[in-house]
Amino acid sequence: MEDKYYPQQVEEKWQRIWEEKKSFRAVEDSSRPKYYVLEMFPYPSGRIHMGHVRVYAIGDVIARFKRMRGYNVLHPMGWDAFGLPAENAAIDRGVHPAKWTMENIAYMRDQLKKMGISYDWDREIATCEPEYYRWEQLIFIRMLERGLAYRKRATVNWCPSCRTVLANEQVEGGRCWRCESEVAKRDIDGWFFKITAYADELLEWCDRLTGWPERVITMQKNWIGRSEGAEFDLPVVGRPDLKVRVFTTRPDTVFGMTYAVLAPEHPLVDQLVSDPGQRAEVERFRAETLKQTEQERTAEDRPKRGLRLSARVTNPFNGAEIPLFIADYVLMIYGTGAIMAVPGEDQRDWDFAKKQGLDIIETVSRPGGWSGEAYAGDGVKINSGFLNGLTVADAKRRAIDWLAERGLGEAKINYRLRDWGISRQRYWGAPIPVLYCDKCGMVPEKEENLPVVLPRDVEISGKGGSPLADHPDFANASCPRCGGRARRETDTMDTFVESSWYFLRYCSPRYDKSMVERKAADYWMPVDQYIGGIEHAVLHLLYARFYAKVLRDLGIVTIDEPFKALLSQGMVVKDGAKMSKSKGNVVSDDVIREKYGADTGRLFELFAGPPEKDLDWNDQGVEGAYRFLTRLWRFTFHNREALISTGPRVSSDGLSGNLRNLHRQTHRTIKKVTEDIETRFHFNTAIAAVMELFNAVFTAAQNGAVTGPDGSVIKQALETIIVLLYPFVPHAASELWEGLNEATALDNVPWPAYSEAALEQEKLLIVVQVNGKVRGKITVSADSSGDSIEDAALADPKVKAFLAGKEILRVVQVPRRLVNVVLKG
RNA sequence: GCGAGAGUGGCGGAACUGGUAGACGCACUAGACUUAGGAUCUAGCGGGCAACCGUGGGGGUUCGAAUCCCCCCUCUCGCACCA
């Protein structure tokens, strides 16, 4: 131990030791409880900066803490290595995506090691390696066999800049999640995963994910968007061959139906419109609707535009013939693409009916009478034939029964969730393992031919379309079934497929018989604590849940959910914006390490606020963290010789005054730090408590001896500080520990326990209030009776001044804390 | 519009089940040591001369409210014509 704190030296030393001893290697051991802590793995896009470091620092505190608590900890790291930026780098700079990716990985791995994050590097994975994605291809084939993967032509989201399809979850406010370009619609053939088959289960399990933040659960529930209702037919007047099928969540309101609406692109429209004049109108209307950008369509108070068709439909409940429209406010993608309109109880229908001069019928009695807008609340049915007098809920059931009895319709549940489009018309992704044979049609690749390896020698021009299509050896293949000529699928899989199961692969990263070794998965899964940004609330986190359920049903794993608990950490903000390369406000980890060391960078980010909140970067705050470590270092070094020769203190016997207080505070700090880390991840208050203890040690050492019996209390407090700091600043803590000549390396020291006896207080500070306001403080011995405390409180001179001439109504006492004297008047 | 969360010193944030509001840190002020100090140490630091007033605003419950209830305001995030 040097007299001065040289963090770079210390950090290099301990990182080397950890690497040589493989200190953080995880080995299955059924005799010990396991703990799997995982941070969302990064995309190797270049370099890590202090904005990224936060999540890894949080994960590392948990990993190191749990190890000290006796858990067998799995804390792995890997790379989400497929994706567009690699391809864009290839286009911009002529470097191959594989080379670019691997160089970034090498650099970022080194950065993480230099931050001292305690990963088991033996388990490192990169998703772009065939040994990884071959299992994904195998699962794809299994999903294909079960109808969970399928191909269809569909209207999809198309990012013109990335030149690829995007899943619904990857469109944010009409823009591409990655490049923020405006997303267009395109009809295109592509592959889908049938996530909707699991909609109900994904929704149900939301309520069992008790370790997840409420807001993430809410977002997932809203995204799945389950609604119960009914589906039934409206016969077209004069056209016995045609009927309009509608979905409604309000089957109780059928008697208020005064018109019906089809989505402009509804296929039935063409059959209903025969008049050439109207046909032209319809075409014009459709063109205008399609022309609207996403932004126009989401503008506030967007007027609802519609076109009345000459055809009419019949309300099966009362035989009324009502007008039929096409309108832009009805969407083809939801329900049946057609609705019954009930302006009395639906505001959208109300707005449209007002504009078009259509009838409005109320079917629910309104508590406050007519209000001049739609009423969506509860009440008793009116104007509703056989439903009259029922509540809304009862009328819903009755209406559905009525439909079912007559075979006209049925109860129906609809979801907002759409199937996951996974085809990407890009190169740098996992190949989809199917072929198209002239004779046999679409054929999956044979399992023994997996992996279908992504070829390296391609020309990446950025001209559009997957470059794989121009690679003759890849695209031209023979049919696995008949051996004849076949063309290989040249779309690749969405990179979110790789990230949907990487946490499983960590359990047995080199296993070559399956995606994961069964006994490894049974031991390690599920992830006990997952940590990542909120931006994946409905992307990665929903896909991973879906994939886990698919793998369970395929017999690969036995878990229902991949992540037991989730911590959504806040962003690192600087100058009012999220720290990011594009905003130009990044703080380089290299600079921080050079100036202050990795420990200081970690300590600042963990101390500045609780992990779920955004964190404001503050250069002076970093100084403060550094100052604390320097102070601790200096203190330890100066008193080192004395402390080494001092025996350890274990019990509080025979201690009094300040030393007894310091001894008590030491144990109280252990308790507080343990609880703050364990139950709520509030590292900021844990660190604050350690700082307080250090301040107390500092004062005690100035006022008394550092050797002998006094010194033993100080020594114990200081060693406690060092041990408690280990999860936050592992290098400095290890070096300080070693400096005190401790025999065992700090990596193997168990987390300290506190003693209840040490926490006990001989004297209590009692706050005395008069009418709820603090008027005095008294010290009493802990075994004082309530009466004697009350007497002492009333006798306190400061309190007495407030009591003079007043009548005491009553005295409230909170044991061990407070006395409140209530006066009359 | 719907849903979720949050408003506490000059700043980041504490106060966990209602019980000393402002822990800890930053910034700031004064002093000490010093050739010097942006190092270190010591002391102070919500407002007000004071009585008192203070946790976005207004009511309420309570002996006692940052914390519980009602109304309102502001901000952040998510969804956004999903029938």
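All chains are named by letter (A, B, ...) in the order of the sequence lines, taking the proteins before the strands, and each is independently numbered beginning at 1.
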Taking [atom1] from [X] and [atom2] from [N], how many angstroms apart are they, rounded to a whole number?
{"X": "A:His682", "N": "B:A15", "atom1": "NE2", "atom2": "C1'", "answer": "12 Å"}
{"X": "A:Glu605", "N": "B:G13", "atom1": "CD", "atom2": "P", "answer": "14 Å"}
{"X": "A:Glu612", "N": "B:A14", "atom1": "CD", "atom2": "P", "answer": "8 Å"}
{"X": "A:Met691", "N": "B:G12", "atom1": "CE", "atom2": "P", "answer": "18 Å"}
{"X": "A:Ile534", "N": "B:C79", "atom1": "CD1", "atom2": "C1'", "answer": "13 Å"}
{"X": "A:Arg54", "N": "B:G12", "atom1": "CZ", "atom2": "P", "answer": "14 Å"}
{"X": "A:Lys396", "N": "B:A83", "atom1": "NZ", "atom2": "P", "answer": "11 Å"}
{"X": "A:Lys574", "N": "B:C26", "atom1": "NZ", "atom2": "P", "answer": "19 Å"}

[X]: side-chain contact (heavy atoms from CB on, under 4.5 Å) partners, not counting sequence neighbours:
{"X": "A:Leu203", "result": "A:Lys221, A:Ile224, A:Arg226"}
{"X": "A:Asn157", "result": "A:Leu166, A:Asn168, A:Val171, A:Val183, A:Lys185"}
{"X": "A:Arg397", "result": "A:Ala393, A:Asp394"}

Are [X] and [Y] ion-paired here, with the side-chain N under 4.0 Å from a carboxylate O?
{"X": "A:Asp252", "Y": "A:Arg250", "result": "yes"}
{"X": "A:Glu182", "Y": "A:Arg175", "result": "yes"}
{"X": "A:Arg245", "Y": "A:Asp233", "result": "yes"}
{"X": "A:Asp676", "Y": "A:Lys672", "result": "yes"}

How far, in whole Å, is [M] from [N] if one measures between their [atom1] atoms?
{"N": "B:U55", "M": "B:C41", "atom1": "P", "answer": "36 Å"}
{"N": "B:G31", "M": "B:C53", "atom1": "C1'", "answer": "32 Å"}
{"N": "B:C11", "M": "B:A23", "atom1": "P", "answer": "15 Å"}
{"N": "B:U67", "M": "B:G54", "atom1": "P", "answer": "13 Å"}
{"N": "B:C72", "M": "B:G22", "atom1": "P", "answer": "33 Å"}
{"N": "B:G10", "M": "B:C28", "atom1": "C1'", "answer": "8 Å"}
{"N": "B:G13", "M": "B:G18", "atom1": "P", "answer": "25 Å"}
{"N": "B:G3", "M": "B:U8", "atom1": "C1'", "answer": "26 Å"}

Under 4.0 Å between a side-chain N or O of A:Ser227 and OP1 or OP2 of B:A83?
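So the side-chain polar atoms of A:Ser227 do come within 4.0 Å of the phosphate oxygens OP1 or OP2 of B:A83, strictly under.
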Distance test, side-chain N/O of A:Arg215 to OP1/OP2 of B:G5, below 4.0 Å:
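False: A:Arg215 side-chain N/O out of range (4.0 Å or more) of B:G5 OP1/OP2.
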What form does the base of B:G9 take, syn (within 90° of 0) or anti?
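Here the answer is syn: the torsion falls within 90° of 0.
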Can you tell me which stems involve RNA chain B, if a stem is defined as three or more consecutive Watson-Crick or G-U wobble pairs, both distances under 3.5 Å?
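Stems for RNA chain B, defined as runs of 3 or more consecutive pairs: B:1-7 with B:73-79, B:10-12 with B:24-26, B:28-32 with B:40-44, B:56-60 with B:68-72.
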How about A:Phe637 and A:Tyr5: are their ring centres within less than 6.0 Å of each other?
no
Using ring centroids (six-membered ring only for Trp), state whether A:Phe683 and A:Phe607 fall under 6.0 Å.
no
Among A:Lys354, A:Lys355, A:Gln347, find the residue that satisfies the side chain to side chain donor-acceptor pair (under 3.5 Å) test when tested with A:Asp351.
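The residue from A:Lys354, A:Lys355, A:Gln347 that satisfies side chain to side chain donor-acceptor pair (under 3.5 Å) with A:Asp351 turns out to be A:Gln347.
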Which part of the nucleic acid, if any, lies within reach of [X] when heavy atoms closer than 4.0 Å are counted: base, sugar-phosphate only, or nothing?
{"X": "A:Asp614", "value": "sugar-phosphate"}
{"X": "A:Gly335", "value": "nothing"}
{"X": "A:Lys304", "value": "base"}
{"X": "A:Val330", "value": "base"}

What pairs with A:Trp212 under side-chain hydrogen bond (donor to acceptor under 3.5 Å, both in side chains), at least two apart in sequence or on another chain?
none
Scan for salt bridge (charged side-chain N to carboxylate O under 4.0 Å, His left out) pairs involving residues 331-346 of chain A, sequence neighbours excluded, and state none if there are none.
A:Asp346-A:Arg348
Mind jotting down which residue pairs meet the salt bridge (charged side-chain N to carboxylate O under 4.0 Å, His left out) criterion with at least one end in residues 689-701 of chain A? Sequence neighbours excluded, please.
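Salt bridge (charged side-chain N to carboxylate O under 4.0 Å, His left out) check on residues 689-701 of chain A returns no pairs.
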Look for any protein N or O under 3.5 Å of an N or O in nucleotides 16-20 of chain B and output each such pair with its distance, or none.
residue, atom, partner, partner atom, Å
B:C16, N4, A:Lys672, NZ, 2.8
B:G19, N2, A:Gln769, OE1, 3.2
B:U20, O2, A:Lys777, NZ, 2.9

Can you identify which nucleotide, out of [options], has its nearest atom closest to the [X] side chain?
{"X": "A:Asp346", "options": "B:A83, B:A80, B:G25", "result": "B:A83"}
{"X": "A:Asn695", "options": "B:C24, B:A14, B:A80", "result": "B:C24"}
{"X": "A:Val822", "options": "B:C63, B:G12, B:A83", "result": "B:C63"}
{"X": "A:Thr218", "options": "B:G12, B:A83, B:G3", "result": "B:G3"}
{"X": "A:Pro610", "options": "B:A14, B:C24, B:A83", "result": "B:A14"}

Map A:Ala688 and A:Arg226 onto RNA chain B by nearest heavy atom, then report which one ends up closer to the 5' terminus.
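Upstream on the strand: A:Ala688.
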Closest-nucleotide ordering on RNA chain B, the 5'-leading residue of A:Glu214 and A:Gly225
A:Glu214
Check nucleotides 36-47 of chain B for protein N or O atoms closer than 3.5 Å to its own N or O atoms and list the pairs.
residue, atom, partner, partner atom, Å
B:U40, O3', A:Arg634, NH1, 3.4
B:C41, OP1, A:Arg631, NH1, 3.3

What is the per-nucleotide protein-contact pattern of nucleotides 48-55 of chain B, from the 5' end, where B denotes a base atom under 4.0 Å from a protein heavy atom, S denotes such proximity for sugar-phosphate atoms only, and - denotes neither?
----SS--
Verify side-chain contact (heavy atoms from CB on, under 4.5 Å) between A:Tyr543 and A:Glu169, making sure each step is shown before the conclusion.
CA-CA 10 Å; A:Tyr543 295 146; A:Glu169 290 79 6; 2.8 Å; yes
Report all side-chain donor-acceptor pairs from residues 620-629 of chain A shorter than 3.5 Å, counting only partners two or more places apart or in another chain.
residue, atom, partner, partner atom, Å
A:Glu623, OE2, A:Tyr596, OH, 2.8

Using a 3.5 Å cut-off and no angle test, enumerate the donor-acceptor pairs between side-chain atoms of residues 802-811 of chain A and protein atoms at least two apart in sequence or in another chain.
none

Under 3.5 Å, is there a donor-acceptor pair between the side chain of A:Arg54 and the main chain of A:Gly570?
yes
